Protein chains: 2
Amino acid sequence: MSKPTIYSIAQRCGVSAATVSRAFNRPELVSEPVRKQIMAAARELGYQPSSAARGLVTGRAETIGLIVSDITNPFFPLLVRAVQRTAERMGSALMLVDAEESAAAEVAHVARLRSRVDGVIVASPRSSSAALREAARGLPCVLLNRPLRDLSSVICDNTSALFDAGEHLYKHGHRSFALLAGPSASWAAARRSQAIRRWARGRGVELTELGPFRATFKGGRQAGAALLETAATGAFAFDDLTACGVLAELAGRGVAVPGERSVVGCDDVLLAKTVTPSLTTVTAPMDDLGETAVQVLTRQIEAPGGAPEHVRLPGVFVARDSTGPRSGS
Amino acid sequence: MSKPTIYSIAQRCGVSAATVSRAFNRPELVSEPVRKQIMAAARELGYQPSSAARGLVTGRAETIGLIVSDITNPFFPLLVRAVQRTAERMGSALMLVDAEESAAAEVAHVARLRSRVDGVIVASPRSSSAALREAARGLPCVLLNRPLRDLSSVICDNTSALFDAGEHLYKHGHRSFALLAGPSASWAAARRSQAIRRWARGRGVELTELGPFRATFKGGRQAGAALLETAATGAFAFDDLTACGVLAELAGRGVAVPGERSVVGCDDVLLAKTVTPSLTTVTAPMDDLGETAVQVLTRQIEAPGGAPEHVRLPGVFVARDSTGPRSGS
DNA sequence: TCGGGGAATGAAAGCGATTGCATGGATTCT
DNA sequence: AGAATCCATGCAATCGCTTTCATTCCCCGA
């Protein structure tokens, strides 16, 4: 026999389909004995409501989409987990797609998801503002780590944490710094660079800007090599992955960290605690970011056409072993 | 005005809804001019077919589910990417859930996904065979890295690659080995341990078994500490994450790798190339695994009730910097 | 005793697509 | 020229569920 429906159950219990539906969605409208009987029959038949049918009439897919620019970047798994967990708590499933670094794929995916989800979260979008705006037209959408006036956004602001990082190095005697810039298309990269520049200027210390480098391990090695061309003893890497590359490059060349150079990363991915030396970095509040994004999205879904929301969550500086006193020279 | 449907388009073009539907699904049945007109109107109105409605009548969700035991384990991102990519190529979307290490969550998620997907892939399941069998009853399902007679499975078999790893160490003069076992609930762990035992016995070398350890960085550090209690110069870690922990612990205690001890990991996660020293390990054919899993699943979906398939893909040994000649003693 | 009100249930109308069958006009064959 | 074909299209049923409105029945107050 085929898949059980509310009708199978209705028939079996001698009630109408409407009652079965109510037993599930508005149990208080159904008398106790009938409800119990229905539930029993449902369990027995292994009934599962068809979400397609429900979605068709309610107009809700109970699903949200998450587009990440590159799932292999260690930044994302924690985010994915937070988003999925929150979505589930709100009764929604998560549809995930990986844009594999391509801006075009990003907007194509938004289009593809349109008909299957109630809304989408785009994490670290690479696309142009115009493309994003266009792609999200008429679809609840929140951007992660990319502000845009007409779309909701949740961003992690590391500005003040990076100031702290600077101060931390300064206190350790460092006076000459290098900024290893991240990809120019990344809003986060621009913002971080800006924060560090501002700090350096305010502090009146020397800052050499290098890059941009790709946000990969390899990019980090290149950055490490470039760093060694300078006399800077304190280096700000764009993110942890880059920082790890730097560390590897320095280690490979026999340069001691933090003995000879101090390196700070950003994001505090799992990797950061794992490498040797463990990375001094800026912790992004992943769980909060993911949770907030889902909540904002949910609000957008429930009140379509509402004003976009913009949430800013600060990162926090955390000192570990990749930074230390400036070597006596 | 509300969301466009085939009726809006039909009306606008002076044709029936059926024709519009055909224009999309069976274009060869619609005359050229009409088809063009419909397409134009669709584009203009920003029409997107409702997948709920289509799903209701076709009985297909065009979606597959992927349940991973722990998305933060670096093993998974590559797999997720491969699965998503393949699913997309087959016209399906990917619904992802993270069981967060819980066996109970695993089966609960299968149940929850039932009504929204055409089938599910369960990666590295932690649940008991009986629970899995029960959860997958009547739902196309393929297991990844866990064989089970009545369910399809795709597994990565590292047995022969681990033999290679052993030989590699042996050639480098190692004669005393440690096996740092992984979680006892993991089929992969059991299988790997078995392979190594077999090799050691065959080779007639000494093998000390330690563990089980959790498959985390911390677990690896413990394993590292345990390793140092022994005289073994060659260590087989359960996986790369564990191996990284071992490396960190040894580094922390000033033990040189590969100078004093050689360590081999397993899986070849991104991490493996990243750490210092880079990890000698066994590469799992991630892309193949993901792709094959989706293909097998698709077959199951198309021919429900067909016999389960079992695919076995071999890992391949790769030597890097965490192994080397046994220190002269 | 009778009417009003509330609780439990049923009937039926969609939701937006797909699809088998029917139809009508143009084309082709004899 | 009349019949047989075929192509493009329309009609209408259907998928499984939710939800409005109506109905029935029972209890209570006057």
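A quick note: this is a predicted structure, and the numbers were derived from the prediction, not measured. Any value given below was found using the heavy atoms of this structure, including those in side chains, with hydrogens, waters and symmetry copies removed. Chain naming here is simple, since letters A, B, ... match the order of the sequence lines and numbering starts at 1 in each.
- A:Glu62 and A:Ser92 form no side-chain donor-acceptor contact under 3.5 Å, judged by distance and modelled atom types alone.
- No side-chain donor-acceptor contact under 3.5 Å links B:His109 to the backbone of B:Leu96.
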Taking Watson-Crick and G-U wobble contacts under 3.5 angstrom, with | marking pairs to another strand and [ ] crossing pairs, the secondary structure of DNA chain D is written ||||||||||||||||||||||||||||||

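- A:Glu309 and A:Ser152 share no side-chain donor-acceptor pair at under 3.5 Å.
- With rounding to whole Å, B:Lys3 atom NZ is found 11 Å from C:dA17 atom P.
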Could you give the side-chain donor-acceptor pairs of residues 73-83 of chain A under 3.5 Å, partners two or more places apart or in another chain?
{"residue": "A:Asn73", "atom": "OD1", "partner": "A:Phe75", "partner atom": "N", "Å": "2.8"}
{"residue": "A:Arg81", "atom": "NE", "partner": "B:Asp98", "partner atom": "OD2", "Å": "2.8"}
{"residue": "A:Arg81", "atom": "NH2", "partner": "B:Asp70", "partner atom": "OD1", "Å": "2.6"}
{"residue": "A:Arg81", "atom": "NH2", "partner": "B:Asp98", "partner atom": "OD2", "Å": "3.2"}

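- With hydrogens and angles ignored, the 3.5 Å screen pairs no side-chain donor or acceptor of A:Asn145 with any backbone N or O of A:Ala123.
- For DNA chain C, the residues of residues 9-17 of chain A within the heavy-atom distance limit of 4.0 Å (strictly under) are A:Gly14, A:Val15, A:Ser16, sorted by number.
- The side-chain heavy atoms of A:Leu113 and A:Val110, taken from C-beta on, include no pair separated by under 4.5 Å.
- Side-chain N or O atoms of A:Arg60 include none that pairs as donor or acceptor with a backbone N or O of A:Gly55 at under 3.5 Å.
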Please tabulate, one pair per line, each protein N/O and nucleotide N/O from nucleotides 23-28 of chain C that are separated by under 3.5 Å, including the distance.
none

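- The main-chain N or O of B:Pro125 is never found under 3.5 Å from a side-chain atom of B:Glu106 such that the two would form a donor-acceptor pair.
- Here the side chain of B:Thr298 pairs a donor or acceptor atom with the backbone of B:Val294 at under 3.5 angstrom.
- For the residue pair A:Thr86 and A:Glu291, no side-chain donor N or O sits within less than 3.5 Å of a side-chain acceptor on the partner.
- Residues A:Leu313 and A:Thr292 meet the side-chain proximity criterion, which asks for heavy atoms closer than 4.5 Å.
- Interface residues of residues 21-38 of chain B facing DNA chain C, ordered by number: B:Ser21, B:Arg22, B:Asn25; criterion, heavy-atom separation under 4.0 Å.
- In this entry the distance linking CZ of A:Arg54 with P of C:dG16 reads 17 Å, nearest Å.
- Using a 4.0 Å cut-off, no side-chain N or O of B:Tyr7 falls inside it from OP1 or OP2 of C:dG14.
- Under the 3.5 Å distance criterion, the side-chain polar atoms of A:Ser127 are matched with a main-chain donor or acceptor of A:Ala103.
- Distances were taken from every side-chain heavy atom of A:Leu56 (C-beta onward) to each of C:dT18, C:dC15, C:dA17; the shortest belongs to C:dC15.
- For the residue pair A:Arg116 / B:Thr63, a side-chain donor-acceptor distance below 3.5 Å is found, with atom types taken as modelled.
- Inspection of the B:Arg54 and B:Asn25 side chains reveals an N or O donor paired with an N or O acceptor under 3.5 Å.
- Interface limits on DNA chain D: the 5'-most and 3'-most nucleotides within less than 4.0 Å of chain B heavy atoms are D:dA8 to D:dG16.
- Between the side chain of B:Ser102 and the backbone N or O of B:Ala99, no donor-acceptor pair lies under 3.5 Å.
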